[in-house]
Amino acid sequence: VVLVQGVALDAAQLSLLFVSGLVAAAMSGTIVVALLSLMERFSNSLRDAGEANATLEMMLRMLPDLVWFKDGTGRYKFASDAFFAFHGKSREQVLDSRAEELFPSQRTARMASGDAYVQQTGQRYYSEALIPTTDGSTIWLDTIKTPVYDDQGRLVGILGTSHDIT
């Protein structure tokens with residue numbers, strides 16, 4: 001069980017929270033209530049953890065937004081296919097790595113400032129930034145980083161979503 005914004009979530013609900021990155025980018029401060037309702041209805045229909053994981057993987061492959069989770073040490077423990085494609089990195093290159101091991105220092109400095117804000121304040125971080133892509137063009141990304149807590153209230157990581165608003 002992990003606490004997200006003060007609400008206890010089990011593994012299936014936390015998995016669904018990852019999928020909800022697209023919703024997070026489009027909603028206001030009422031997101032937690034809406035997501036919990038959605039997660040409860042969805043998780044009630046999925047009894048088997050294997051089925052839930054397979055469904056989660058399928059849904060993540062279809063998401064157009066970048067979604068990721070970093071643990072408390074800053075290592076990527078989860079990311080959507082769109083995240084891998086945007087950064088031009090494979091799943092194997094990204095998972096269990098830190099941003100500074102993967103990306104140019106200019107990009108990691110921007111990432112680190114948002115992560116630091118979440119870690120220091122325990123609050124969501126919002127940003128819009130012009131980001132260079134792997135093909136040399138630039139796009140505007142709307143990014144939300146959300147603190148994720150364990151059942152003792154300790155910060156265990158950061159859930160992030162980025163949506164192209166170009």
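Values below: every heavy atom of this structure, side chains too, minus hydrogens, waters and symmetry copies.
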Rounded to the nearest 0.5 Å, how far does [atom2] of [Y] lie from [atom1] of [X]?
X	Y	atom1	atom2	result
Ser127	Asp142	OG	CG	7.0 Å
Leu130	Thr138	CG	OG1	4.0 Å
Ser162	Leu66	OG	CG	5.5 Å
Thr161	Ile144	OG1	CD1	4.5 Å
Leu155	Gln120	CG	CD	11.5 Å
Ser97	Arg75	OG	CZ	7.0 Å

Test item: [X] and [Y] side chains (from C-beta on) under 4.5 Å apart, heavy atoms:
X	Y	answer
Gln123	Val118	no
Thr134	His87	no
Ile158	Phe69	no
Val94	Leu102	yes

I need the minimum non-hydrogen distance between [X] and [Y], along with the two atoms involved.
X	Y	value
Val67	Leu159	CG1-CD1, 4.3 Å
Lys77	Leu95	C-CD2, 3.8 Å
Pro147	Gly122	CG-O, 3.3 Å
Thr166	Trp140	OG1-N, 2.8 Å
Phe83	Ala79	CD2-CB, 3.6 Å
Met111	Ala99	SD-CB, 3.7 Å

**Q.** Residues forming a salt bridge (charged side-chain N to carboxylate O under 4.0 Å, His left out) with Lys89, sequence neighbours excluded
**A.** none

Q. Does anything in residues 154-166 pair up under salt bridge (Lys or Arg N to Asp or Glu O under 4.0 Å), and if so which pairs, sequence neighbours excluded?
A.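 Sorted pair list: Asp150-Arg154.
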
Q) Can you list every pair that meets salt bridge (Lys or Arg N to Asp or Glu O under 4.0 Å) and has a residue in residues 108-120, with sequence neighbours left out? A)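 Qualifying pairs: Lys70-Asp115, Asp115-Lys145.
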
Q) Who are the side chain to side chain contact (heavy atoms under 4.5 Å, CB included) partners of Ser137, not counting sequence neighbours? A) Thr133, Asp135

(Q) Can you list everything that forms a ring pair (Phe, Tyr, Trp, His ring centres under 6.0 Å) with Phe84? Sequence neighbours excluded, please. (A)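 Partners of Phe84 by the ring pair (Phe, Tyr, Trp, His ring centres under 6.0 Å) criterion come out as none, since no residue qualifies.
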
Q: Output all residues satisfying ring pair (Phe, Tyr, Trp, His ring centres under 6.0 Å) with Tyr125, sequence neighbours left out; order by chain, then residue number.
A: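 Per chain and number, Tyr125 pairs via ring pair (Phe, Tyr, Trp, His ring centres under 6.0 Å) with Tyr117.
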
Q. Would you say the side chains of His163 and Asp65 form a donor-acceptor pair under 3.5 Å?
A.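 Yes.
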
